[in-house]
Amino acid sequence: MSTDTTASVSTHILDTSEGRPAEGVTVRLSARPGRQAAWQELGGSATDADGRCKDLPALPEGTTHVRLDFEVEPYFEKKKAEAQQDAPAHRDSGAVFFPEVAITFAVTAGEHYHVPLLLNPFGYSVYRGS
């Protein structure tokens with residue numbers, strides 16, 4: 001039996017359209033102590049060159065639900081601007097399809113939850129990693 005009183009969370013993002021980590025994506029962490037409770041935003045971080053957030057805030061004691069909010073629109077807008085510099089004839093004036101991704105999951109005290117986000121311009125997938 002674990003003596004930890006809270007769960008812990010980590011995440012990383014892989015841009016599957018390039019097969020590379022997604023650097024510079026802002027991630028916000030929120031928690032609540034039950035399904036009916038209000039969300040409390042705890043803070044956030046941004047992904048590093050390896051696509052990882054290494055300094056997400058700790059969860060408060062009693063947390064049962066966690067939400068990770070990934071602000072992916074600025075990441076895709078930057079990639080789009082860089083691509084337009086390289087090949088201006090292929091400009092796409094459309095908006096980013098998924099401007100943000102919100103992942104909500106249940107947690108148990110004493111457990112660690114690694115939640116990777118596999119991201120591309122028109123889809124995403126998430127799973128509980130290790």
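Note that the coordinates shown come from a computational prediction; the quantities given were computed from them, not determined experimentally. Counting from 1, the numbers follow the sequence of the chain as shown.
Applying the side chain to side chain contact (heavy atoms under 4.5 Å, CB included) rule to S125 yields the partners L118; only residues at least two apart in sequence or on another chain are considered. The ring-ring contact (aromatic ring centres under 6.0 Å, His included) test applied to Y124 returns F98, not counting sequence neighbours. By the side chain to side chain contact (heavy atoms under 4.5 Å, CB included) test, S8 is found to be paired with H112, residues two or more places apart in sequence or in another chain being considered. Qualifying ring-ring contact (aromatic ring centres under 6.0 Å, His included) partners for F97, counting only residues two or more places apart in sequence or in other chains: none.
Atoms CZ and OG, from F122 and S17 in turn, are 10.0 Å apart once rounded to the nearest 0.5 Å. To the nearest 0.5 angstrom, T16 atom OG1 is 4.0 Å from N120 atom CG.
Within the structure, every pair that satisfies the side-chain hydrogen bond (donor to acceptor under 3.5 Å, both in side chains) test and touches residues 67-77, not counting sequence neighbours, is listed here: D15-Y75, R28-E71, R67-D69.
Remark: side-chain polar atoms of T47 are paired, donor with acceptor, to backbone N or O of G24 under 3.5 angstrom.
Ion pairing between a basic and an acidic side chain is recognised when a charged N comes within 4.0 Å of a carboxylate O; E111 and R128 show such pairing.
Hydrophobic clustering of Ile, Leu, Val, Met, Phe, Trp and Tyr side chains at less than 4.5 Å, counting indirect connections, unites V9 with V101. I103 and L42 fall within the same hydrophobic cluster, where Ile, Leu, Val, Met, Phe, Trp and Tyr residues are linked whenever their side-chain heavy atoms come under 4.5 Å apart, directly or through other members.
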Quiz: residues 48-65 side-chain donor-acceptor pairs under 3.5 angstrom, not counting sequence neighbours:
from, atom 1, to, atom 2, distance (Å)
D48, OD1, D50, N, 2.9
D48, OD1, G51, N, 3.1
D48, OD1, R52, N, 2.9
D50, OD2, R52, NE, 3.0
R52, NH1, H12, ND1, 3.4
D55, OD1, S45, OG, 2.3
T63, OG1, P60, O, 2.7
T64, OG1, R32, O, 3.4
T64, OG1, G34, N, 2.8

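For the pair S30 and E41, the tightest heavy-atom approach, listed with the atom from each and the gap, is OG-CA, 3.6 Å. Looking at every heavy atom in both residues, L119 comes nearest to F76 through CG-CZ, 3.6 Å.
Across T104, L117, V27, V126, a single residue satisfies side-chain contact (heavy atoms from CB on, under 4.5 Å) together with L68, and that is V27.
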Candidate pair Y127 and V115, rule side chain to side chain contact (heavy atoms under 4.5 Å, CB included), full reasoning | CA-CA 6 Å; Y127 61 96; V115 184; over 6 Å; no

